[in-house]
Amino acid sequence: MSPPASRPPVRELFAQRFGRPCAVVARAPGRVNLIGEHTDYNDGFVLPIALGQSTWVAAGPRSDGRMRAWSQSCEIEQTWPLDDWAADRPAPWTGYIAGVATLLRRRGVPLAGCDLAVVSDVPVGGGLSSSAALEVATALALSCVAGATLAPLELADLCRAAEHEFVGVPCGIMDQYASVLARADCALLIDCRARAWEHIPLKLGEYVILVVNSGVRHDLAAGVYAQRQRECRQAADLLRSLQPGVAGLRDVDAATVERHAGRLGTVCAARARHVTSENARTIAAAEALRRNDLETFGRLISASHASLRDDFEVSCVELDRLVEIVGNVPGVLGVRLTGAGFGGCIVALVPRGSVPAVEEAVRRQYDAEGYGPARVLVAHPGAGASIVEGRRVGNFGQ
Ligand code: ADP
Ligand code: MG
């Protein structure tokens with residue numbers, strides 16, 4: 001069972017800062033992707049869980065057309081006009097909030113301004129999607145304050161569009177879908193083309209999902225992400241010219257990639273090989289979970305890492321070393337990098353009793369070798385976003 005996410009004193013912090021009670025408190029979780037990496041923008045499959053770690057937003061309405069936001073993670077309060085975010089040059093982190101507010105207004109939600117206090121225990125910028133947690137909690141809080149109700153998918157799509165338009169991050173749909181739709185003690189299998197999803201119960205028994213933050217984030221991540229998107233598009237375009245009916249790499253199998261490897265060239269063939277094999281692994285991983293076959297699930301996770309390292313080339317020395325160290329702890333069933341790569345986190349399937357041994361190995365090897373420092377956390381597959389205080393108390397994933 002996942003422990004209930006306990007609410008930090010966000011209501012009290014709102015009252016202290018703004019001198020009045022808030023009207024609403026919303027919560028949205030971070031996520032970790034178990035398998036299905038770099039498949040979302042290729043119309044493929046992903047399999048994330050939501051974390052207990054969440055972002056809480058307390059909100060109170062204003063009627064003067066202004067937005068005011070304070071985050072415990074940033075400390076400095078920011079204000080801006082609702083209709084012109086850039087005018088007052090607020091700090092970049094407010095782009096997530098301003099984007100959501102603007103898109104809600106564009107959709108006809110009668111928001112006239114708002115004060116917001118933000119508290120989070122999702123590591124910021126660590127690959128566990130603090131950005132989607134902030135967007136989703138904000139969107140829920142703002143729509144509730146304005147008396148509007150959005151359908152879950154509408155909420156997730158609006159948040160993703162806000163990240164594209166106001167922050168300039170061309171993310172896939174996984175982060176926002178996981179934060180909105182997840183269910184406790186389940187993984188969420190998402191078909192990114194059909195925008196369909198399925199809750200897969202996680203019966204982990206004596207095993208836990210362990211997340212280890214490598215403590216590194218290489219600057220080239222954003223540039224390489226865009227480059228990989230281009231390479232995948234290029235591979236799909238070429239395969240479409242050879243085989244009608246290929247809309248994206250999702251429509252291609254491993255045999256087709258090998259048949260056309262010469263035409264694709266070394267780089268595009270390797271990228272296509274990762275995407276096609278990763279889609280197959282993700283489907284197989286969901287199937288393994290359905291029949292409670294954790295050993296197969298673990299093997300698929302480890303195979304995903306090898307593919308991300310060798311074919312997709314998005315790993316780095318630190319992640320490879322961390323994967324090696326954790327994978328060598330007896331009993332660990334699988335381990336891989338998770339997220340876009342070049343830093344961030346790894347995810348592993350570990351016997352509960354071996355967690356101290358993993359922590360020890362990471363400290364004595366990874367940290368002692370001068371990497372990191374790494375931080376280890378046990379992931380409790382948690383519920384999706386909800387309004388925890390206010391009019392519409394409830395959870396989308398249920
Ligand atoms: P990730 O989503 O993996 O944590 P991103 O780079 O996508 O990493 O998003 C991190 C950014 O999101 C931060 O730099 C900040 O601008 C914003 N952010 C996320 N959570 C918060 C928060 N609690 N308070 C303020 N800004 C936040
Ligand atoms: Mg993010």
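Indexing begins at 1, ligand by ligand and atom by atom, following the structure's order.
- For Arg66 and Asp115, the salt-bridge test fails: no basic side-chain N is under 4.0 Å from an acidic carboxylate O.
- Atom CZ of Arg259 is surrounded by more than 12 heavy atoms from other residues, nucleotides or ligands within 6.0 Å.
- In terms of modelled atom types and a separation under 3.5 Å, the side chain of Arg228 and the main chain of Glu313 share a donor-acceptor contact.
- The heavy-atom pair separating Ala178 from Arg31 by the smallest distance is CB-CB, 3.9 Å.
- Between His274 and His38, the two ring planes are perpendicular [angle over 60°; tilted spans 30° to 60°].
- One finds the OG atom of Ser73 at 8.5 Å from the CH2 atom of Trp93 (value rounded to the nearest 0.5 Å).
- Shown here are the protein N/O/S atoms lying under 2.8 Å from the Mg ion (ligand 2), water excluded: Ser131 OG.
- The backbone N or O of Pro90 lies less than 3.5 Å from no partner atom in the side chain of Gln78, so there is not a single donor-acceptor pair.
- In this structure, ligand 1 sits under 4.0 Å from heavy atoms belonging to Ser71, Ser73, Cys74, Trp93, Tyr96, Val118, Ser120, Pro123, Val124, Gly125, Gly126, Gly127, Leu128, Ser129, Ser130, Ser131, Leu134.
- Note on Glu163 versus Arg160: no salt bridge recorded, every NZ/NE/NH1/NH2 to OD/OE distance being 4.0 Å or above.
- The six-membered or imidazole ring of Tyr207 lies away from that of Phe297, with a centre-to-centre distance of 6.0 Å or more.
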